[in-house]
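Structure record follows, encoded as C-alpha cells.
In what follows, every chain begins at residue 1, and chains take the letters A, B, ... in the order their sequences are listed.
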Amino acid sequence: MRRAWGRLARNRPAMAALATLLAVALACLVGPALTGHDPARIYPDLVRTAPSFRPHPRPDSIAPAVERLAFRMRVAPEAIRVEGDTLHLVLSAPRPIDERVLSYLPRSDLFGPATIVAREAQGRRLTVEAPLRRLSFPLGTDVLGRDLLSRSLVAGRVSLLIGLVATGVAMGIGVLYGAVAGYRGGRVDAAMMRLVDVLYALPFVFFVIMLLVFFRAGIGLILVAIGAVEWLDMARIVRAQTLSLRHRDFVRAAEALGLSTVAILRRHILPNTLGPVTVAATLLVPRVILLESFLSFLGLGVQEPATSWGALIAEGSRALESAPWMLAAPAGFLVATLVALNVLGDGLADALDPRLSEAR
Amino acid sequence: MIGFVLRRLLQAIPTLFVVVTLSFFLIRLAPGGPFDLERPLPPAAMANLARVYGLDQPLVVQYGRYLAALLTGDFGPSFSFRDLTVAELFARGLPVSITLGALALGLALVLGIGLGALAAFRRGGAIDRLVGLTAGLTLAVPTFVVAPLLQIVFGLSLRWLPVGSWEGGAPAHLVLPVVTLALPQVGALARLTRASLAEVLAAQPVRTQRAMGLPPHRIARHALRGALLPVVAILGPTAASLLTGSVLVETIFGLPGIGRYFIDGALNRDYTLVMGTVVLVALFVIVLNIVADLLSGLIDPRLRISR
C-alpha cells in the first residue's frame with residue numbers, strides 16, 4: 001500500500017488532478033462565504049454582466065443609472081460627479097422634494113444609503129452624497145442578476161455531494177453483493193450473477209428518467225436512483241476478486257480456525273478487494289456526476305432553488321447568445337472536476353497494479 | 001451459429017420480462033394519469049375513457065392483457081397522441097433515431113479506430129499525445145456542453161449549418177447532431193484501440209513477423225485485426241450509450257426521434273408509449289450485444305469453440 005502511494009506521488013498528472021480536486025472541493029465548501037455575494041441574491045440592475053474583476057458600477061454607467069433613478073423619483077438630476085467612492089449630485093424639482101424618495105438610491109444595487117448635504121430653495125433643491133457600492137463579479141452574473149461564481153460553487157456542493165454519496169451507495173451494495181456471491185460460490189453465485197446479468201441489459205437511464213418524472217424529483221431520489229443503477233460494475237469486480245481469494249491459504253486457514261463467514265469476509269476478503277474497489281470508485285464518481293448533470297440538464301434532476309452544475313449548464317445553454325459566460329462558468333468547473341477524477345483514477349489504477357501500465 | 005443466436009435470444013427473455021414488469025408497475029404506482037388536464041374532465045367522461053382503454057380493470061388484469069398483446073407484437077394505442085398507436089409512432093420516430101445512431105456509430109468507429117491506431121503506431125510521439133488529449137477531452141466534456149457550443153459556433157456565428165429540426169433528414173440538418181452524438185464514443189474507442197493495439201504490437205507474433213521482414217503495412221493489418229477484439233466487445237455498450245445520448249441530442253436539436261417520444265410520453269403519462277419505448281430500447285441493446293458477440297467470433301475463432 002505504501003509503495004502504491006509512492007508510485008502515485010511520482011505520477012505528476014495524478015498529483016495535479018488530486019490538487020485540482022482538493023481545490024475545487026475546498027472552494028465549494030468555504031468559497032460561497034468568501035465571494036461576498038449570497039448565491040440567491042438578485043441584483044436587478046446588474047443582469048448579465050460579463051465576467052470581470054473591475055467593480056461595478058462602472059464610471060460610464062453611473063450617469064445613465066442616476067438619470068433612470070431620478071425619473072422614478074420624479075426629480076431632475078444635475079451636477080453628477082464621482083469623487084473616489086462617493087457620488088455627488090444635486091436633485092431639483094418644481095415642488096419641495098419628499099426626502100423619502102432618496103431610498104431609491106440604496107435600493108438600486110449601485111449606491112449606498114444617501115445623505116443630504118444641503119437643502120436649498122425650500123427643499124426644491126437637494127445636494128446629496130451617496131457611497132458607490134463596489135460590487136465585482138469575477139465570473140459574471142446570470143439572466144436574473146445573480147453572482148455566477150457563488151452559484152457555481154453552491155451548485156458544486158450539490159454535484160460533489162451527489163457524486164460521493166451515490167458512489168458510496170453503489171459501493172456499499174456492490175461490494176456486499178459481490179463478496180457474498182464470490183465467497184458462497186456455486187449455485188448461489190450463479191443465481192446472484194444471473195440477476196446482475198439481467199439487470200445489466202436493462203436500459204437503466206430510461207428507468208431513472210421515468211422514476212424522476214413520475215415521482216417528484218429531489219436530491220434523495222436522485223441519490224437512490226443513481227446508486228441503485230451503478231452498483232452492478234462494483235459487484236462484478238468484487239466477485240471476481242473474491243473468487244480468486246477464496247481458495248488462498250490464508251482464507252482456508254481462517255476457515256479451519258472456525259471463523260464465521262462474516263468475520264472472514266470482513267477480515268480477509270474485503271481488505272484484499274480494496275485496491276480495485278478504490279479505482280472503480282474513483283472512476284465511478286465522475287460518471288455519477290455526469291449522470292446527475294445529464295438529468296438536471298433535462299430538467300429532471302435537482303430543482304430550484306437548489307442547483308447543480310448540470311442545472312446551471314442548462315440555464316447557460318438557454319442564454320448562450322446573450323451571456324455565453326453563463327455556460328462557461330459551470331461547464332468549466334464540471335469539466336475540470338471530471339478530467340481530474342478520470343486522471344486520478346487512471347493514476348490509482350497504475351499505482352495499484354503497475355503491470356497493467358506497461359501496456360499503456 | 002443459429003443455435004448460438006437462439007440460445008442468446010432465449011436468455012434475453014427474462015431480461016425483457018423484467019423490463020416490461022418493472023416499467024409497467026413503476027408507471028402505475030406513479031401519481032397522475034394520462035387524462036389529467038388543467039381543467040378536469042367530467043367524471044362520466046373519465047369513466048368512459050378509462051373503460052375504452054381498459055384502465056378500469058384491476059391492475060393485474062391490465063398487466064396480463066398488456067403482456068399478451070406485447071407477445072403478438074402489439075404495443076397498444078398511444079394515450080397522448082389520440083389517433084395513433086404506439087407502433088405508428090415508432091414507425092415515425094425510429095427512422096430518425098436509427099439514422100442518427102447509425103451515422104454516429106459509423107463516424108465514431110472510423111474516427112475512433114483511426115485515431116487510436118495512429119496513436120499506437122506512433123507511440124510516445126506528438127501524435128500520440130495529441131490523440132490522448134483529444135480523447136480525454138471528448139470523454140470529459142459532456143454532450144450537453146458540446147451541443148450548445150457547436151450550435152453557437154457553426155449555427156449562429158458562422159451560419160454554416162442549421163441549429164436544429166429534422167426536415168426529412170436533410171444532410172445539413174444531420175451534421176451537428178451526429179457529430180455531437182459521436183464525439184464521446186470517438187474518445188472511448190480511440191483509447192481502447194490504442195491500448196489493445198499497443199499490447200498486440202508488443203506481442204510475440206508481431207515480433208516474429210518483423211524478424212521475418214514482413215512489410216510494415218502487412219504487419220499493421222495483422223495487428224489491427226487482433227486489436228479490434230476488445231473494440232468489437234464494447235460495441236453493445238457503445239450502442240446502448242448512443243441510445244441514451246440520442247435522448248439528449250434529440251431534445252437539444254429538436255429532432256422527432258424515439259428519445260423525444262420517450263421524454264414527452266413520460267411527461268404526459270402516456271403509459272403505453274413509455275413502456276413501448278423502454279421495451280424497444282432493451283430489445284435493441286440485446287440484439288446489438290448478440291451481433292457484437294457474433295462479430296467477436298468472426299475475428300477470433302477461439303471464442304467460437306469456447307461456447
Side-chain angles (χ1 to χ4, degrees), chain A residues 13 194-195 197-216 286-287 289-300 309-310 313-314 316-321 324 326-328 330-332 334-343 346 356-360, chain B residues 11-12 14-19 22-23 26-27 29-32 123 136-137 139-145 147-149 151-152 156-157 191 194-196 198-199 202 236-237 240-241 243-245 247-248 251-252 259 262-263 265-267 269 274-275 277-282 284-286 289:
Chain A
R194 187 83 197 92
L195 178 68
D197 286 343
V198 168
L199 293 179
Y200 224 82
L202 294 188
F204 251 122
V205 173
F206 289 79
F207 276 106
V208 173
I209 291 176
M210 268 159 70
L211 205 64
L212 292 176
V213 172
F214 294 150
F215 303 93
R216 291 267 147 252
R287 273 180 55 188
I289 293 180
L290 199 58
L291 183 53
E292 180 276 323
S293 315
F294 167 84
L295 295 169
S296 291
F297 181 85
L298 286 175
L300 305 172
W309 285 330
I313 288 172
S317 68
R318 279 193 291 272
L320 195 54
E321 260 183 290
M326 277 183 62
L327 179 70
L334 178 66
V335 171
T337 308
L338 295 180
V339 171
L341 279 165
N342 281 321
V343 171
D346 288 347
L356 274 179
S357 54
E358 273 160 32
R360 284 180 204 187
Chain B
Q11 280 173 0
T15 304
L16 281 177
F17 182 73
V18 171
V19 167
L22 210 59
S23 50
L26 195 63
I27 291 178
L29 283 176
R123 223 172 124 208
L137 269 182
L139 279 172
V141 182
T143 309
F144 46 84
V145 175
L149 283 180
Q151 280 178 325
I152 196 143
L156 298 173
S157 306
R191 275 194 168 184
R194 179 186 173 279
S196 84
E199 208 169 315
S241 55
L243 281 169
T244 317
V247 173
L248 204 63
T251 309
I252 295 175
F262 175 73
I263 297 277
L267 291 172
R269 299 283 188 278
V274 170
M275 283 187 285
T277 318
V278 177
V279 172
L280 196 69
V281 169
F284 253 101
V285 174
I286 289 166
N289 270 322

Next item on the list: Indicate the ring-plane relationship of A/F297 and B/F144, choosing parallel, tilted or perpendicular according to the 30° and 60° boundaries.
Entry: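 Parallel.
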Heavy-atom pairs under 4.5 Å with chain A - which of [options] has more of them than the others?
options                        : answer
B/A266, B/S196, B/G136         : B/A266
B/I252, B/L22, B/L139          : B/L22
B/T277, B/L248, B/V285, B/V274 : B/L248
B/S23, B/G265, B/P14, B/G259   : B/S23

Within the 4.5 Å heavy-atom criterion, are [X] and [Y] side-chain neighbours or not?
X      : Y      : answer
A/L334 : B/P142 : yes
A/W309 : A/E292 : no
B/V278 : B/F262 : yes

Check each atom of [X] against the heavy atoms of chain A and say whether the ones under 4.5 Å are side chain, backbone, both or neither.
X      : value
B/T251 : side chain
B/L16  : neither
B/L149 : both

Next item on the list: Rounded to the nearest 0.5 Å, what's the gap from CD1 on A/I289 to OG on A/S296? Could you check?
Entry: 11.5 Å
Next item on the list: Measure the spacing between CG of B/L137 and CG of A/L338 and express it to the nearest 0.5 Å.
Entry: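 Taking CG in B/L137 and CG in A/L338, the distance rounds to 11.5 Å.
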Notebook entry, point to check: So which part of A/S293 gets closer than 4.5 Å to some heavy atom of chain B, the side chain, the backbone, both or neither?
Noted result: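 When you check distances to chain B, atoms from both the backbone and side chain of A/S293 fall under 4.5 Å.
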Check: Under a 4.5 Å heavy-atom cut-off, does chain B meet the side chain of A/F207, its backbone, both or neither?
Finding: both
Check: In terms of heavy-atom pairs under 4.5 Å, which option from A/V335, A/T337, A/L341 contacts chain B the most?
Finding: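 Of the options given, most contacts go to A/V335.
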Next item on the list: Taking all heavy atoms of B/P148 and all of A/L327, pick out the closest pair and write down the distance.
Entry: CB-CD2, 4.3 Å
